[in-house]
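First the structure, in the form of structure tokens, and then the observations on it.
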Amino acid sequence: MELSDRYSPEDVENRIYKWWEEKGYFEADDTSTKPPFSIILPPPNVTGQLHLGHALDHTIQDVLIRWKRMSGFNALWLPGSDHAGIATQSVVERELRKEGVRRQDMGRDPFVDRVWQWKHQYGNRIVEQMKRLGDSCDWRRHTFTLDEGVSKSVRRVFVDLYKKKWIYKGTRLINWSPALESALSDLEVEYQDVKGSLWHIRYPLEDGSGDVTVATTRPETLLGDTAVCVNPTDERYEGLIGKKVLLPLTDRKLEIVADDYVDKEFGSGVVKITPAHDFNDYEIGKRHDLEFINILNKDGTLNENVPEKYRGLTAAKARKQVVADLEELGFLVKEEPHQLSVGHCSRTGCVVEPFLSEQWFVNMSEISIPAKRVVESGTVKFEPETWTKTYLHWMNNIQDWCISRQLWWGHRIPAWYCDDCGHIVVSEKDPSECENCQSKKLRQDEDVLDTWFSSGLWPFSTMGWPNETEALKTFYPTNVLVTGHDIIFFWVARMVMSGLEFMSDVPFRTVYIHGIIRDSQGRKMSKSLGNSVDPVEMIDTFGADALRFTLMSQMSSGRDLKFSTQRLEGYRNFMNKIWNATRFALAGLEDFEVPAEGVNALPDVNDMSYADRWILHKLGEVEKAVDQDLKNYRFSDAAGALYSFTWHEFCDWYLEFSKPVVYGENEAEKQATLLVMAQVLNRVMRLLHPFVPFITEELYQKLPIRSEALIVDEYPTVKTDKALLELGSEEIAFELDLVREVITAIRNIRGENRIKPGEKIKVRLSPQDDKGQKILSANKVSITRLAGLESCDILPDGSLAKCAVTPVQYLGIAVDVIVPLEGLVDFDEEIQRLEKNIEKSEKEISGLTKRLGNENFVKNAPEDVVAGQKKQLDQLKSKVDSLRESLLRLKS
RNA sequence: AGGGCCUUAGCUCAGUUGGUAGAGCGCCACCCUUACAAGGUGGAUGUCGUCGGUUCGACCCCGGCAGGCCCUACCA
């Protein structure tokens, strides 16, 4: 068995992953008798490359799935990918543009074929990257949002909601992306603060008796004005309501109407009303029965409803022209700088135009009611809980959802128009004739559905709904949904609504919301900033395990986390530590005979060392902590507990303590220690596995005690390890802690006095009672070795002349650690060390004295706190006395 | 405008019923000690953003202020 002295992930990861897959370990069973545990993976876009955000999101899920799988659950992690209408269509269009082709030239069907081609070629890229990360999904169930099954679900839901009249078609003002020439939902609009201007424009009164001045940030929309509006209580304009003004640049006359909406304080108190291009104006237009004049084409240029000179101009160009013309004609009163918030298309970044058009909508008022209730009642829990508020706030203000998109890539809306009678057929199956007049002249609606419409059905559409499948019976509702807060509205809320409506049950019981990954300076990672970190590159350099552990170690309480390669490097080193610790242990275990009981084998307690019983005690503590932490989604705590147990307890102390035993002569003790070592190592691999699956599986396969595969071995807990952990001893653990304190004290004297590690020194330990005597004697060999001693005498009395002395107190046991310095060093360093220690202790003493001198403290604080502080004070005092004596001796 | 979050060592962050602050990295010193220099041992470092309140006692609870971040929203 040869292991190199460095861990090379590249030699391990692909091989191990393939083996897991071949063995079918990721596969969940629809009909298992084991308790189910299921997670649906938020389906990444087919166009996507794995980014660090995915890496984080997936690692959390994989940790949970692996943990549950090992804990005896029938664990399903259901993967998929999203057709991502806009994103994918854009990618292919961009490709076509390079060939000089526009999709409009190709026609719909050939274009869609072309997108499918692209999908078949590149759509699997992200899946391959997920495998690099170690995602243990049940790949047999991988679902694409345009798969036949999902399409069936989509149509079923659409038809059902249409029949309930919750889906309707209507002409309304919606957000329009001129770049996409498609409608957008409210959520797809991102508002950004932009520096703009407020133009004050004079509108003359028709009767020539003067004029009114309106203020606007969008002068070009003036061409679509159909009224001006004032506040009904505004005295300045009292007499003007009902009169008409002449709209500059046109030959239109506009009525002056009154509406509470107008803020008297802002601008001039007169607002121009453009009902077809502004959401507020739209409402006012409806209230006052105004004319709606649409002045835009689909591509955002001005249309035939404006004077000829402006037709065909983009909104931006038209604005310049309109302002110039107004100025020339003397209508422009002034222009002042003004900050405003402008909606941009989240996909293309173009400015979104409010646009009047006929679209499909979902009325959310009914369907959102139960979705609110389940969160209020805690049936669906957010973790961290603070997101509950965000969710409910949105739900309480929910607007109708515009679901139609003027794209070609996606689920086409299952509505057909009859050319003869105008009837609309909405149907799950493609109809062959009009259900009203039996005409065969049916045209399907050209539009497709918002991508989130299909994703919103994900928890059940992926499990075969509307069929009543075994998968649904077993795995729905899922246990936890893991995602970032950016898609709570887009996705989480919609799944809750659809799940309750169509499955009569919540889609998941817990929503775990994690933070966003930022760069080391706390900025969002983005292509434009060029600060994105490619996780695949990180895996190539540091290994998937190191990356996973880095992410988990920072994953606390849903807060954003900053990514740094330095930290990644640190955890890469941790992987190496695990590797080498195992390498060392395996060398010791080479001719160790595994008892027949295997993982249940227990050493004879009489042969066990202090360290053996100490490490088993610590093992119990870490098992308990990790179990609690994982249950509470405290990933960084779990990772931290595992890190410090493995490195600082198992490696730094236990393996060092075990060396003298393993290299020693006492065969019974040696066998006991080797068995403990093999057992603990086995638990370390199992405990670490969900976090760092590759290295642990690789090493596990070389362990003397193991079963077939780590990935399906049992996750260790204080329950499963009861018999083994009972051999640990808290009392002996404390006693060994005293020994560790003594060793540390010797090392400290050595370090502070600059005695080189190679220099063997003589030490005398002076225990103050029998118990100390017993403990130290039992561990003399270890102390000698771990402190690098030539000899170690345990004598209660003896000369202290020319010695460094450190009093060690631990849980009522006192030991003086005495190192004769004569001939080794001069005493300057030691004098400094003592003075420093005295100073430090005296500071604490004065603090304690002050507190204990405070009558109110003694009177009010709990007895045990007061007693504890008193004891601490006594101990410190005797410590300082002893240090003072040493100091005097050295100085004399 | 409304709501939420954050401020702790040089950096990144823990700190779960209020008892006097920790980790990792970095830094300093000494070491290639037979698992590991991607390592070992020892060491230094904080008026816990600021002001006030409650309390015997506050990083923790309450309020004001300052600074940073995010979300929601129709102010032309």
Side-chain angles (χ1 to χ4, degrees), chain A residues 3 5-7 191 198-199 214-218 221 229 261-263 265-274 278-284 338 340-341 354 386-387 389-390 393-394 397 485-486 488-489 516 518 520 522 542 546 553-554 556-564 566-567 569-588 632 634 636-637 640 643-644 648 651-652 655-656 659 663 743-744 747-758 785-788 833 836 844 847-848 851 854-862 864-866 868-869:
Chain A
L3 291 183
D5 64 357
R6 283 202 182 176
Y7 171 55
Y191 288 89
L198 191 61
W199 285 275
V214 302
T216 180
T217 54
R218 300 196 57 193
T221 62
C229 189
Y261 157 75
V262 178
D263 178 356
E265 308 300 320
F266 189 90
S268 60
V270 186
V271 185
K272 63 192 259 326
I273 303 298
T274 321
D278 182 281
F279 287 99
N280 296 309
D281 295 4
Y282 178 74
E283 294 301 322
I284 294 177
H338 183 72
L340 70 163
S341 133
T386 156
W387 293 106
K389 250 183 263 172
T390 311
H393 180 262
W394 187 70
N397 295 286
H485 58 75
D486 46 339
I488 291 180
F489 308 142
I516 305 284
R518 299 170 173 281
S520 56
F542 298 100
S553 74
Q554 291 186 86
S556 65
S557 62
R559 276 181 47 178
D560 288 357
L561 43 97
K562 292 180 192 167
F563 184 82
S564 94
Q566 222 176 33
R567 195 159 176 155
E569 214 174 294
Y571 291 114
R572 185 270 316 266
N573 296 352
F574 179 46
M575 296 307 111
N576 204 44
K577 190 75 184 175
I578 297 169
W579 181 262
N580 276 301
T582 309
R583 197 159 70 95
F584 163 75
L586 289 176
N632 295 316
R634 308 209 37 133
S636 64
D637 287 353
Y643 180 93
S644 81
H648 300 307
C651 294
D652 288 351
L655 289 182
E656 295 303 326
K659 279 176 185 174
Y663 300 145
I743 293 167
T744 303
R747 287 170 173 173
N748 176 275
I749 291 170
R750 197 196 258 288
E752 297 279 290
N753 283 291
R754 295 169 206 275
I755 303 169
K756 298 203 189 267
R785 186 182 173 100
L786 267 62
R833 183 182 79 94
K836 201 171 67 186
E844 290 179 58
L848 284 167
R851 203 168 312 137
N854 181 341
E855 271 179 45
N856 286 324
F857 171 71
V858 179
K859 208 164 59 188
N860 293 319
D864 57 324
V865 172
V866 178
Q869 309 252 309

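Chain letters run A, B, ... following the sequence lines, proteins first and then strands; every chain starts at 1.
- The side chain of A:Asn573 places an N or O atom within less than 4.0 Å of a non-bridging phosphate oxygen (OP1 or OP2) of B:G39.
- In this structure, A:His485 does not reach the B:G4 phosphate: none of its side-chain N or O atoms is under 4.0 Å from OP1 or OP2.
- Between A:Arg518 atom CZ and B:C6 atom P there is a gap of 14 Å when expressed in whole angstrom units.
- Among the heavy atoms of the strands lying under 4.0 Å from A:Arg6 is at least one base atom, whether or not backbone atoms are also near.
- Spacing of P atoms, B:G52 relative to B:G57, comes out at 15 Å, to the nearest Å.
- Between the side chain of A:Arg750 and the backbone N or O of A:Lys756, at least one donor-acceptor pair lies under 3.5 Å.
- Side chains of A:Arg583 and A:Asn580: a donor-acceptor N/O pair is present below 3.5 angstrom, by distance only.
- Residue A:Arg750 contributes atom CZ, which lies 13 Å from atom C1' of B:G40 at whole-angstrom precision.
- Nucleotides B:A44 and B:C61, compared at atom P, are 31 Å apart to the nearest Å.
- If you take CG of A:Asn632 and C1' of B:A14, they are 16 Å apart, rounded to a whole angstrom.
- Nucleic acid contact class of A:Asn748 (heavy atoms, under 4.0 Å, all strands): sugar-phosphate only.
- Between A:Leu786 atom CG and B:U41 atom P the separation is 9 Å, expressed in whole Å.
- Checking the phosphate oxygens (OP1, OP2) of B:C56, no side-chain nitrogen or oxygen of A:Lys859 falls inside 4.0 Å.
- Across all strands, A:Phe279 comes closer than 4.0 Å to no nucleic acid atom at all (heavy-atom distances).
- When the side-chain nitrogen and oxygen atoms of A:His338 are compared with OP1 and OP2 of B:C75, none of them lie within a distance under 4.0 Å.
- Residue contacts shown for A:Arg583 are limited to sugar-phosphate atoms, with no base heavy atom under 4.0 Å away.
- Across all strands shown, A:Glu265 has no heavy atoms under 4.0 Å from either base or sugar-phosphate atoms.
- Between A:Lys659 and B:A35, a side-chain N or O to OP1/OP2 separation shorter than 4.0 Å is present.
- Take the nearest nucleotide of RNA chain B for A:Arg851 and for A:Tyr7: the residue whose nucleotide is more 5' is A:Arg851.
- Remark: the separation of the C1' atoms in B:C65 and B:A73 is 27 Å, to the nearest Å.
- Between A:Glu283 and A:Tyr261, the closest side-chain pair of non-hydrogen atoms is not below 4.5 Å.
- The P atoms of B:G46 and B:A9 are separated by 10 Å, rounded to the nearest whole Å.
- Within 4.0 Å of A:Val262, counting heavy atoms only, lies at least one base atom of the nucleic acid.
- Where A:Ser553 and A:Arg572 each meet RNA chain B at their nearest nucleotide, the meeting point lying more 5' is that of A:Ser553.
- When each of A:Asp278, A:Thr274, A:Ile273 is tested with A:Ile284 by the rule side-chain contact (heavy atoms from CB on, under 4.5 Å), just one qualifies, namely A:Ile273.
- Between A:Lys272 and B:A76, a side-chain N or O to OP1/OP2 separation shorter than 4.0 Å is absent.
- Comparing B:G39 with B:G53, their P atoms sit 50 Å apart, to the nearest whole Å.
- Straight-line distance between the C1' atoms of B:C6 and B:A14: roughly 15 Å, to the nearest whole Å.
- Of the side-chain N and O atoms in A:Arg218, none sit less than 4.0 angstrom from OP1 or OP2 of B:C74.
- For A:Tyr571 and A:Tyr643, the ring centers sit closer than 6.0 Å to each other.
- Across all strands shown, A:Cys229 has no heavy atoms under 4.0 Å from either base or sugar-phosphate atoms.
- Here A:Tyr643 lies in heavy-atom contact (under 4.0 Å) with sugar-phosphate atoms only.
- In this model, the phosphate group of B:U55 is not approached by any side-chain N or O of A:Asn860 to a distance below 4.0 Å at OP1 or OP2.
- Counting atom types as modelled, A:Gln554 pairs no side-chain N or O with a base atom of B:A14 as donor and acceptor under 3.5 Å.
- Comparing B:C62 with B:C5, their P atoms are spaced 11 Å from each other, to the whole Å.
- Counting any heavy atom pair closer than 4.0 Å across all strands shown, A:Phe489 reaches sugar-phosphate atoms only and no base atom.
- B:C32 sits 10 Å from B:G40 when the C1' atoms are compared, rounded to a whole Å.
- For A:Lys577 and B:A35, the shortest distance from a side-chain N or O to OP1 or OP2 is not below 4.0 Å.
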